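Computed from a predicted structure; not experimentally measured. Residue numbering restarts at 1 for every chain, and letters A, B, ... go by the order of the sequence lines. Note: hydrogens, waters and symmetry copies are ignored here, and every other heavy atom, side chains too, is used.
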Protein chains: 2
Amino acid sequence: MVSDHTHSPDNDDFPQEINGLRMTRQRKEVYRCLMEHRVHPTAQDVFLEVKDKLPQISLATVYNCLEALTQHGIIRQVHFDRESCRYCPNLLDHGHFHDQATGKIHDVTFKPGVKLEDVLDLPPGTVVSNIELTLRGTIAS
Amino acid sequence: MVSDHTHSPDNDDFPQEINGLRMTRQRKEVYRCLMEHRVHPTAQDVFLEVKDKLPQISLATVYNCLEALTQHGIIRQVHFDRESCRYCPNLLDHGHFHDQATGKIHDVTFKPGVKLEDVLDLPPGTVVSNIELTLRGTIAS
DNA sequence: AATTAAAATAAGAATCATTCTTGACTGTGG
DNA sequence: CCACAGTCAAGAATGATTCTTATTTTAATT
């Protein structure tokens with residue numbers, strides 16, 4: 001994290017920059033929305049939420065912000081089939097479980113010490129740079 | 001065009017029905033396309049291929065066929081981010097590795113005996129009905 | 001073989017998430 | 001203060017997929 005030097009009413013104590021990305025008012029609100037709710041919202045969800053703070057923001061800007069944050073490794077995209085992309089501020093390696101009864105999405109972490117090669121038959125020489133693990137099902141009560 | 005009950009040149013020895021789904025000429029060709037090439041084609045890819053055999057087939061019909069085959073558990077959809085859906089006739093539990101250098105998609109099987117619960121921290125009571133595992137990376141030569 | 005109802009298909013329109021384009025705006029450094 | 005680069009808003013464009021409708025095919029029955 002980077003300390004902030006100036007102080008503006010919109011900014012409270014948000015860093016002016018994260019991972020080399022300048023945090024504009026729009027990007028801050030988008031990021032704050034993800035951090036505060038942690039419900040894996042879609043761009044549309046974020047748009048509706050952020051409009052309360054920045055009424056003039058456009059959906060395209062929300063997409064731009066989410067894209068910028070993703071490119072700079074600040075958040076991650078989550079995909080469920082071809083549904084709208086969802087966004088996730090949890091940067092730890094993890095998968096997602098979609099509870100089909102409630103519609104809720106839960107982060108699923110790997111047990112400590114688990115390595116891909118222990119679990120999968122990968123072609124020799126494979127270098128994996130990105131994993132996406134998606135589960136669907138229900139939670140028995 | 002030609003309806004032939006006993007024997008038609010289009011039909012060779014294809015079963016008339018799989019998993020309760022009537023195998024029409026279109027569905028047969030779509031399925032055959034997947035089985036013969038095994039390259040995880042998109043609907044568009046299948047459409048172009050199948051047009052050689054059935055020139056009048058429409059893209060919507062290809063989508064319908066792929067949907068019907070999927071619903072009846074004959075093939076599976078494969079998703080990479082929000083790219084076009086791809087289709088896979090391999091019904092065994094497996095994931096997919098996307099080689100970013102060649103663009104090829106490889107099936108990745110789980111090592112024998114591996115169970116989800118051994119690898120993941122799942123919320124208690126979780127019943128997983130569907131897994132999608134997607135890897136991206138490269139293969140060192 | 002003809003009749004009929006249900007299922008499947010072709011063609012193109014419609015939908016919807018996302019991306020692109022354009023012109024205006026903002027902030028920073030000189 | 002000015003110029004420049006980076007952002008933004010608004011709406012158009014794109015592209016995959018789905019929907020609609022009329023037509024054709026199939027299977028069952030006569």
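- A heavy-atom distance below 4.0 Å to DNA chain D is reached by none of the residues of residues 35-52 of chain B.
- When the C1' atom of dT18(C) is taken as reference, atom CD of Q71(A) falls 15 Å away, rounded to whole Å.
- The closest side-chain heavy-atom distance from V46(A) to L34(A) is below 4.5 Å.
- Listed here is the closest heavy atom pair of N19(B) and G73(B): ND2-O, 3.8 Å.
- Regarding M23(B), its CE atom lies at a distance of 15 Å from the C1' atom of dA7(C), rounded to whole Å.
- OP1 or OP2 of dT18(C) sits under 4.0 Å from a side-chain N or O of Y63(A).
- In this structure R22(A) satisfies the side chain to side chain contact (heavy atoms under 4.5 Å, CB included) test together with R27(A), sequence neighbours excluded.
- Within the structure, side chain to side chain donor-acceptor pair (under 3.5 Å) pairs that include any residue of residues 57-69 of chain A comprise S58(A)-T61(A), E67(A)-Q71(A) (at least two apart or interchain).
- In terms of heavy-atom proximity, Q26(B) sits nearest to I57(B) at CG-CD1, 3.7 Å.
- The two atoms that bring V62(B) and A43(B) nearest to each other are CG1-O, 3.7 Å, heavy atoms only.
- Axis angle across the helix from dA1(C)-dT30(D) to dG30(C)-dC1(D), with five pairs used at each end and values rounded to 10°: 20°.
- Among residue pairs with one or both ends in residues 38-51 of chain B, none qualify as salt bridge (Lys or Arg N to Asp or Glu O under 4.0 Å); sequence neighbours excluded.
- The interatomic distance linking L59(B) (CG) with dA11(C) (P) rounds to 11 Å, in whole Å.
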If you look only at distance, which donor and acceptor atoms sit under 3.5 Å apart when one is on a side chain in residues 112-129 of chain B and the other is two or more places apart or in another chain?
unit_1: D118(B); atom_1: OD2; unit_2: K115(B); atom_2: N; d: 3.4
unit_1: T126(B); atom_1: OG1; unit_2: P123(B); atom_2: O; d: 2.4
unit_1: S129(B); atom_1: OG; unit_2: R136(A); atom_2: O; d: 3.2

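- Not counting sequence neighbours, the partners of T70(B) by the side chain to side chain contact (heavy atoms under 4.5 Å, CB included) test are I75(B), Q77(B), Y87(B).
- I105(B) forms part of a hydrophobic cluster together with V78(B), F80(B), judged by ILVMFWY side-chain heavy-atom separations under 4.5 Å.
- For residues 72-88 of chain B, proximity to DNA chain C is found at R82(B), defined as any non-hydrogen atom under 4.0 angstrom from a strand atom.
- Rounded to the nearest 0.5 angstrom, K104(A) NZ and I139(A) CD1 are separated by 9.0 Å.
- Applying the ring pair (Phe, Tyr, Trp, His ring centres under 6.0 Å) rule to pairs touching residues 38-61 of chain B yields H40(B)-H96(B), sequence neighbours excluded.
- For the pair E17(A) CD and dT28(C) P, the interatomic distance rounds to 12 Å; values are reported in whole Å.
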Atom pairs under 3.5 Å, N or O on each side, protein against nucleotides 7-10 of chain D: can you list them with distances?
unit_1: dT7(D); atom_1: OP1; unit_2: R27(A); atom_2: NH1; d: 3.1
unit_1: dT7(D); atom_1: O5'; unit_2: R27(A); atom_2: NH2; d: 3.3
unit_1: dC8(D); atom_1: OP1; unit_2: T24(A); atom_2: OG1; d: 2.5
unit_1: dC8(D); atom_1: OP1; unit_2: Q26(A); atom_2: OE1; d: 2.9
unit_1: dC8(D); atom_1: O3'; unit_2: Q26(A); atom_2: NE2; d: 3.3
unit_1: dA9(D); atom_1: OP2; unit_2: T61(A); atom_2: OG1; d: 2.3
unit_1: dA10(D); atom_1: OP2; unit_2: Q56(A); atom_2: O; d: 3.3

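- When hydrophobic side chains of Ile, Leu, Val, Met, Phe, Trp and Tyr are connected at separations under 4.5 Å, L91(B) ends up as a singleton with no cluster partners.
- Between the CD atom of Q16(A) and the P atom of dG6(D) there is a distance of 18 Å, given to the nearest Å.
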